[in-house]
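Sequence lines set the chain letters: A, B, ... in the order given, protein chains first and strands last, and positions in each chain run from 1. Computed from a predicted structure; not experimentally measured.
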Protein chains: 2
Amino acid sequence: MIRRIPQARDRGIPDATVARLPLYLRALNGLAERGTPTVSSEDLALAAGVNSAKLRKDLSHLGSYGTRGVGYDVQYLIYQISRELGLTQDWAVAIVGVGNLGRALANYGGFVSRGFRIAGLLDADPRVVGDRIAGLVVEHTDELEAVIKKRGVSIVVIATPATAAQQVCDRVIASGVTSILNFAPVVLAVPDGVDVRKVDLSIELQILAFHEQRKANGGPIMAEEWPDGVVM
Amino acid sequence: MIRRIPQARDRGIPDATVARLPLYLRALNGLAERGTPTVSSEDLALAAGVNSAKLRKDLSHLGSYGTRGVGYDVQYLIYQISRELGLTQDWAVAIVGVGNLGRALANYGGFVSRGFRIAGLLDADPRVVGDRIAGLVVEHTDELEAVIKKRGVSIVVIATPATAAQQVCDRVIASGVTSILNFAPVVLAVPDGVDVRKVDLSIELQILAFHEQRKANGGPIMAEEWPDGVVM
DNA sequence: GTGCCTTTGTGAACCCACGCACAAAGTCGG
DNA sequence: CCGACTTTGTGCGTGGGTTCACAAAGGCAC
Ligand SMILES: NC(=O)c1ccc[n+]([C@@H]2O[C@H](COP(=O)([O-])OP(=O)(O)OC[C@H]3O[C@@H](n4cnc5c(N)ncnc54)[C@H](O)[C@@H]3O)[C@@H](O)[C@H]2O)c1
Ligand SMILES: NC(=O)c1ccc[n+]([C@@H]2O[C@H](COP(=O)([O-])OP(=O)(O)OC[C@H]3O[C@@H](n4cnc5c(N)ncnc54)[C@H](O)[C@@H]3O)[C@@H](O)[C@H]2O)c1
């Protein structure tokens with residue numbers, strides 16, 4: 001029988017909190033490297049670039065791991081957040097689409113250090129298949145299902161052109177994968193229970209451009225910028 | 001004297017809306033390519049992967065550009081959103097740090113098509129300086145201020161190692177840049193008025209891992225996973 | 001042991017965002 | 001010209017997230 005613990009550590013951590021936990025973890029790792037034994041919410045919040053009340057509320061969702069008057073034990077908190085995020089196990093990741101971006105990702109060391117192991121590189125282009133990148137040989141997408149099953153891949157990164165993304169997505173989901181990181185500029189259609197996170201650099205630039213334009217315009221709108229009644 | 005238009009198109013577009021406008025724009029461009037003249041909020045919302053009421057509310061912040069009973073004119077809406085986002089002008093972008101990621105970004109065609117022109121590539125490594133990438137010659141970071149001023153760079157992409165990011169950030173801000181896209185896994189400290197957007201792939205993977213772990217655990221928590229009273 | 005000082009954990013108010021649901025507005029066939 | 005139909009634009013209720021502010025909790029000096 002499964003007992004639920006009602007009062008403390010009731011799961012259902014808010015999404016906003018989950019998104020910040022990696023930030024705290026990074027800040028804590030920095031402190032740990034410098035040998036800091038404990039840290040107050042104020043200092044940790046500063047390092048993570050958030051409000052200290054928000055930090056305390058976020059951490060309170062995981063449990064009561066602080067000591068009043070002292071702060072948080074750095075090592076212990078690293079362990080707790082890592083466990084909560086599932087970083088105590090390692091995750092096999094496959095990258096589909098080994099072009100400009102896929103290569104950069106494959107060569108990046110920052111993933112491995114967090115428990116993410118690149119377990120497969122796949123591409124549809126025969127000229128790319130067979131290339132050795134970061135110690136791995138690029139395999140043909142025909143092998144996609146086999147690679148996922150054989151190596152226990154549970155997270156797939158899609159770095160193919162936009163036109164191929166949905167098709168790749170469908171195939172990896174059919175193979176049982178439910179976590180996808182998508183770099184292609186398309187909205188992927190997925191069934192319930194599948195998590196897709198997207199990274200779109202073009203969107204980020206456009207958001208910057210919006211604010212930049214507003215700054216340049218210097219506050220209020222000039223009336224003549226768009227005269228009344230003008231259509232097209 | 002500057003007249004403000006009170007009732008319609010009063011600025012102060014919510015951030016959440018601004019973040020979705022590029023999504024709508026992408027969907028509209030897809031429709032335009034297929035020659036679709038008009039689109040309903042329902043159809044456009046489907047293509048953009050959002051709720052139709054949300055889409056209509058978002059668009060209503062720009063003005064009343066739809067026709068009841070018909071929908072939105074695709075070309076006209078593309079123009080309005082582009083103008084709102086500041087994509088009718090072109091933006092000079094510099095990339096600092098031409099390693100794995102910087103190269104991928106420089107070679108990526110998707111930016112230019114949106115009015116973002118790569119106007120400079122800069123690196124501190126003498127072995128990289130002088131390389132020709134995507135038609136541009138990599139320059140030394142000593143030239144950073146000169147390049148920004150000379151070429152009218154208003155958006156800077158930071159793709160250096162984490163240790164160098166803050167220093168690069170300080171220099172570009174000192175040169176007058178107020179829009180930064182940061183790929184380095186650090187929280188950049190910037191003065192008011194400077195916009196920083198960050199892309200952290202490692203964080204995205206960690207969020208996926210969190211949800212993946214939860215799915216694997218199969219719902220409620222086993223009590224024995226963390227016995228009462230155990231501390232470390 | 002006592003009292004002071006620091007810091008946590010959280011109650012409560014506020015603000016923003018989402019999405020339902022509907023009236024108003026406009027189209028189109030006849 | 002009219003009535004039926006389609007679709008927009010938005011008022012409003014709901015919920016989640018952020019922040020303030022403070023009581024409670026623990027450490028530490030003496
Ligand atoms: N490079 C960037 O900086 C950047 C920035 C933003 C977005 N993106 C997006 O990321 C994606 C990849 O970009 P890129 O610059 O690496 O493109 P790229 O063309 O260099 O690489 C794409 C790779 O995918 C492979 N591919 C094509 N169809 C495939 C399929 N069905 N299955 C498996 N592999 C397939 C190609 O052979 C190629 O090697 C694109 O969707 C792009 O829009 C890239
Ligand atoms: N490659 C990826 O997929 C990836 C993923 C996530 C995050 N990142 C982050 O993006 C950044 C770049 O990653 P990368 O893989 O391209 O690293 P990289 O080491 O391949 O490239 C970094 C480049 O920056 C240059 N550089 C160093 N100091 C500099 C300075 N002060 N001024 C200008 N240039 C300087 C180096 O000479 C090098 O060419 C890193 O912070 C990394 O953590 C990369």
Side-chain angles (χ1 to χ4, degrees), chain A residues 5-21 23-24 27-28 31 36-74 76-77 80-81 84 207 229 231, chain B residues 5-21 23-24 27-28 31 36-74 76-77 80-81 84 207 210-211 229 231:
Chain A
I5 305 161
Q7 80 283 19
R9 278 179 72 263
D10 198 3
R11 303 311 178 87
I13 298 178
D15 285 346
T17 295
V18 173
R20 283 187 293 267
L21 290 179
L23 226 55
Y24 304 152
L28 285 164
L31 291 168
T36 315
T38 62
V39 66
S40 70
S41 63
E42 200 66 50
D43 291 349
L44 184 54
L46 192 70
V50 302
N51 181 293
S52 72
K54 181 149 63 180
L55 176 107
R56 287 196 298 276
K57 187 152 286 186
D58 283 343
L59 294 183
S60 77
H61 284 118
L62 318 187
S64 205
Y65 296 142
T67 307
R68 290 164 195 241
V70 176
Y72 301 88
D73 183 282
V74 171
Y76 185 52
L77 198 51
Q80 289 299 342
I81 295 179
E84 195 67 52
I207 294 171
V231 176
Chain B
I5 306 163
Q7 79 283 19
R9 277 178 74 266
D10 198 4
R11 303 310 179 88
I13 299 179
D15 285 346
T17 294
V18 174
R20 283 187 294 265
L21 290 180
L23 226 57
Y24 304 152
L28 285 163
L31 292 167
T36 316
T38 63
V39 65
S40 70
S41 64
E42 199 67 50
D43 291 348
L44 183 53
L46 192 70
V50 301
N51 180 293
S52 71
K54 183 151 61 182
L55 175 105
R56 288 196 298 276
K57 188 156 288 188
D58 283 343
L59 294 184
S60 77
H61 285 118
L62 318 187
S64 207
Y65 296 143
T67 306
R68 291 164 194 239
V70 176
Y72 300 88
D73 183 282
V74 172
Y76 185 50
L77 198 51
Q80 289 299 342
I81 294 179
E84 196 67 51
I207 295 171
F210 171 83
H211 291 295
V231 176

With nearest nucleotide decided by heavy atoms, which residue, A/Thr17 or A/Gly69, maps closer to the 5′ end of DNA chain D? A/Thr17
Please report the distance, rounded to the nearest Å, between NZ in B/Lys54 and P in C/dG19. 4 Å
Please state how far atom NE2 in B/His61 lies from atom C1' in D/dT8, giving the value in whole angstrom units. 15 Å
To the nearest angstrom, the OH-C1' distance between B/Tyr72 and D/dT6 comes to 13 Å
To the nearest angstrom, the CG-P distance between B/Leu55 and C/dA17 comes to 16 Å
Quick one: is A/Ser41 getting a side-chain N or O under 4.0 Å of the C/dT8 phosphate, OP1 or OP2? yes
Can a donor-acceptor pair under 3.5 Å be found between the side-chain atoms of A/Arg68 and the base atoms of C/dT7? no
Please determine, for the side chain of A/Val70, which listed nucleotide (C/dT8, D/dG27, C/dG19) has the closest atom? D/dG27
Given side chains that start at C-beta, do those of A/Gln80 and A/Tyr72 come closer than 4.5 Å, heavy atoms only? no
Nearest to the B/Arg56 side chain among D/dC22, C/dA21, C/dA17, which nucleotide is it? C/dA21
B/Asp73 CG - D/dT7 P separation (whole Å): 15 Å
Picking from C/dG9, D/dT18, C/dC20, which would you name as closest to the side chain of A/Ser60? C/dG9
Indicate whether OP1 or OP2 belonging to C/dC20 is found under 4.0 Å from a side-chain N or O atom of B/Asn51. yes
State which of C/dC18, C/dG9, D/dC20 makes the closest approach to the side chain of A/Ala53. D/dC20
Does OP1 or OP2 of C/dG9 have a side-chain N or O of A/Ser64 closer than 4.0 Å? yes
According to a strict under-4.0 Å criterion, is B/Tyr65 in side-chain N/O contact with OP1 or OP2 of D/dT7? no
May I ask you to decide if B/Asp43's main-chain N or O and B/Ser40's side chain share a donor-acceptor pair within less than 3.5 Å? yes
Does A/Thr67 reach the side chain of A/Thr38, with side-chain heavy atoms less than 4.5 Å apart? no
Heavy atoms from C-beta onward define the side chain here; which of C/dT27, C/dA12, D/dT10 lies closest to that of B/Lys57? D/dT10
Side chain of B/Ser40, heavy atoms from C-beta onward: which of C/dG26, D/dT7, D/dG11 has the nearest atom to it? D/dT7
With distance as the sole test, does A/Thr36 use its side chain to make a donor-acceptor pair with the main-chain N or O of A/Leu31 at under 3.5 Å? yes
